Student: 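Let me begin by handing over the structure; questions about it come next.
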Amino acid sequence: KSSFENETPQPNESSHTGALRRSTQVGRKGSSYPVSRLTIFLGLQMSEKEKARAKKKLSHLLQTAWEGKDATKENSADDLVEGNFIRKYYWWIANRCSVLVMSTRFNAFITAVIICAGILVGIQTDEKLISEHETMFGRLEDAVLIIFTSEIVLKIIAENIYPIRFFLSG
């Protein structure tokens, strides 16, 4: 443990500083601070069990690489995710969504939809054109809305079991 974790607020320190120190002591074994549970729940910090699992996985990966084997073929959903069938299936879906969301084609498609939405908004300033083709513009707006909503849902699912990270990422 670091000396920071063992510090307690001194009498001459303000109560705010002491509270801040206690609230930043997350992840300690036996910690009863609600902040640590919240940060682990939100996926901002790994639990001790997750840290041990990640360390074991990294050790296995390094050993496999040292032996000159292909480590990608040895890992499966059963090795990487513990839990019931639903969690494994969700993990599989989340990985597929992550690959899709990070692909250049997906990003190019979303960029094209953004440009089309901008053009659509610009065209809608002409009231005569809107009145003539009201149903077409309504359908185009619905399509843009569905595409943007689908993008957000895919990106949230791609965050795996910590969907709150979507809102914290840039």
Side-chain angles (χ1 to χ4, degrees), residues 1-2 4-5 20-121 137-170:
K1 293 181 183 178
S2 68
F4 179 77
E5 291 179 350
L20 179 63
R21 270 205 189 113
R22 284 190 301 275
S23 69
T24 57
Q25 296 178 355
V26 293
R28 278 187 8 186
K29 258 190 173 174
S31 174
S32 61
Y33 300 118
V35 175
S36 67
R37 290 186 186 130
L38 179 64
T39 55
I40 290 171
F41 174 74
L42 295 177
L44 303 175
Q45 184 174 354
M46 295 171 72
S47 67
E48 294 297 322
K49 185 177 178 182
E50 289 174 322
K51 285 180 186 178
R53 192 179 315 130
K55 187 175 180 181
K56 183 179 177 182
K57 200 183 320 179
L58 180 61
S59 174
H60 175 70
L61 180 66
L62 290 173
Q63 181 67 30
T64 305
W66 182 261
E67 294 171 358
K69 297 178 185 175
D70 185 12
T72 58
K73 293 180 181 177
E74 294 184 20
N75 291 335
S76 67
D78 295 333
D79 298 336
L80 299 174
V81 179
E82 294 179 6
N84 61 14
F85 172 75
I86 295 171
R87 186 171 177 169
K88 290 177 185 179
Y89 188 67
Y90 181 78
W91 179 85
W92 182 82
I93 291 172
N95 282 335
R96 298 301 182 259
C97 288
S98 179
V99 169
L100 174 67
V101 166
M102 286 191 242
S103 71
T104 54
R105 286 183 178 177
F106 180 81
N107 289 321
F109 174 72
I110 294 299
T111 303
V113 171
I114 291 170
I115 292 169
C116 289
I119 293 170
L120 187 61
V121 168
F137 285 118
R139 289 182 180 161
L140 287 173
E141 284 180 12
D142 291 343
V144 168
L145 179 65
I146 289 169
I147 290 170
F148 286 154
T149 305
S150 301
E151 175 199 13
I152 297 299
V153 168
L154 288 171
K155 286 185 175 184
I156 290 173
I157 292 172
E159 291 297 332
N160 210 330
I161 59 172
Y162 300 114
I164 196 75
R165 288 182 182 169
F166 167 77
F167 300 101
L168 300 174
S169 64

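Predicted, not measured: the structure shown is a model, and the values here were computed from it.
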Student: Run the side-chain contact (heavy atoms from CB on, under 4.5 Å) test on Val144 and Leu140 for me, step by step, so that the C-alpha distance in whole Å, both residues' side-chain angles and the decisive distance to 0.1 Å come before the verdict.
Tutor: CA-CA 6 Å; Val144 168; Leu140 287 173; 5.6 Å; no
Student: Hey, could you give me the CD/CD1 distance between Glu151 and Ile156, rounded to the nearest 0.5 Å?
Tutor: 10.5 Å
Student: Between CZ of Arg96 and CD1 of Ile93, what distance do you get to the nearest 0.5 Å?
Tutor: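 So the gap between those two atoms works out to 10.0 Å.
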Student: Can you tell me if Ser98 uses its side chain to pair, donor with acceptor, with the backbone of Ala94 under 3.5 Å?
Tutor: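 Side chain of Ser98 to backbone of Ala94, a donor-acceptor pair under 3.5 Å: no, none is there.
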Student: I need the minimum non-hydrogen distance between Cys97 and Ala158, along with the two atoms involved.
Tutor: C-CB, 3.9 Å
Student: How long is the span from the CD1 atom in Ile114 to the CD1 atom in Ile119, to the nearest 0.5 Å?
Tutor: 12.5 Å
Student: Does any N or O in the side chain of Thr111 come within less than 3.5 Å of the main-chain N or O of Asn107, such that one atom is a donor and the other an acceptor?
Tutor: yes
Student: Between Lys155 and Glu159, is the salt bridge (charged side-chain N to carboxylate O under 4.0 Å, His left out) condition met? List the steps.
Tutor: CA-CA 7 Å; Lys155 286 185 175 184; Glu159 291 297 332; over 6 Å; no
Student: Between the main-chain N or O of Leu100 and the side-chain N or O of Ser103, is there a donor-acceptor pair closer than 3.5 Å?
Tutor: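 Yes, Ser103 side chain to Leu100 backbone: donor-acceptor pair under 3.5 Å.
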Student: Of all heavy-atom pairs between Phe137 and Leu120, which one has the smallest distance, and what is that distance?
Tutor: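 Closest pair (atom of Phe137, atom of Leu120, distance): CD2-CD1, 3.3 Å.
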Student: Determine, stepwise, if the pair Phe109 / Arg105 fulfils side-chain contact (heavy atoms from CB on, under 4.5 Å).
Tutor: CA-CA 6 Å; Phe109 174 72; Arg105 286 183 178 177; over 6 Å; no
Student: Which residues satisfy the side-chain contact (heavy atoms from CB on, under 4.5 Å) test with Leu62, sequence neighbours excluded?
Tutor: Leu58
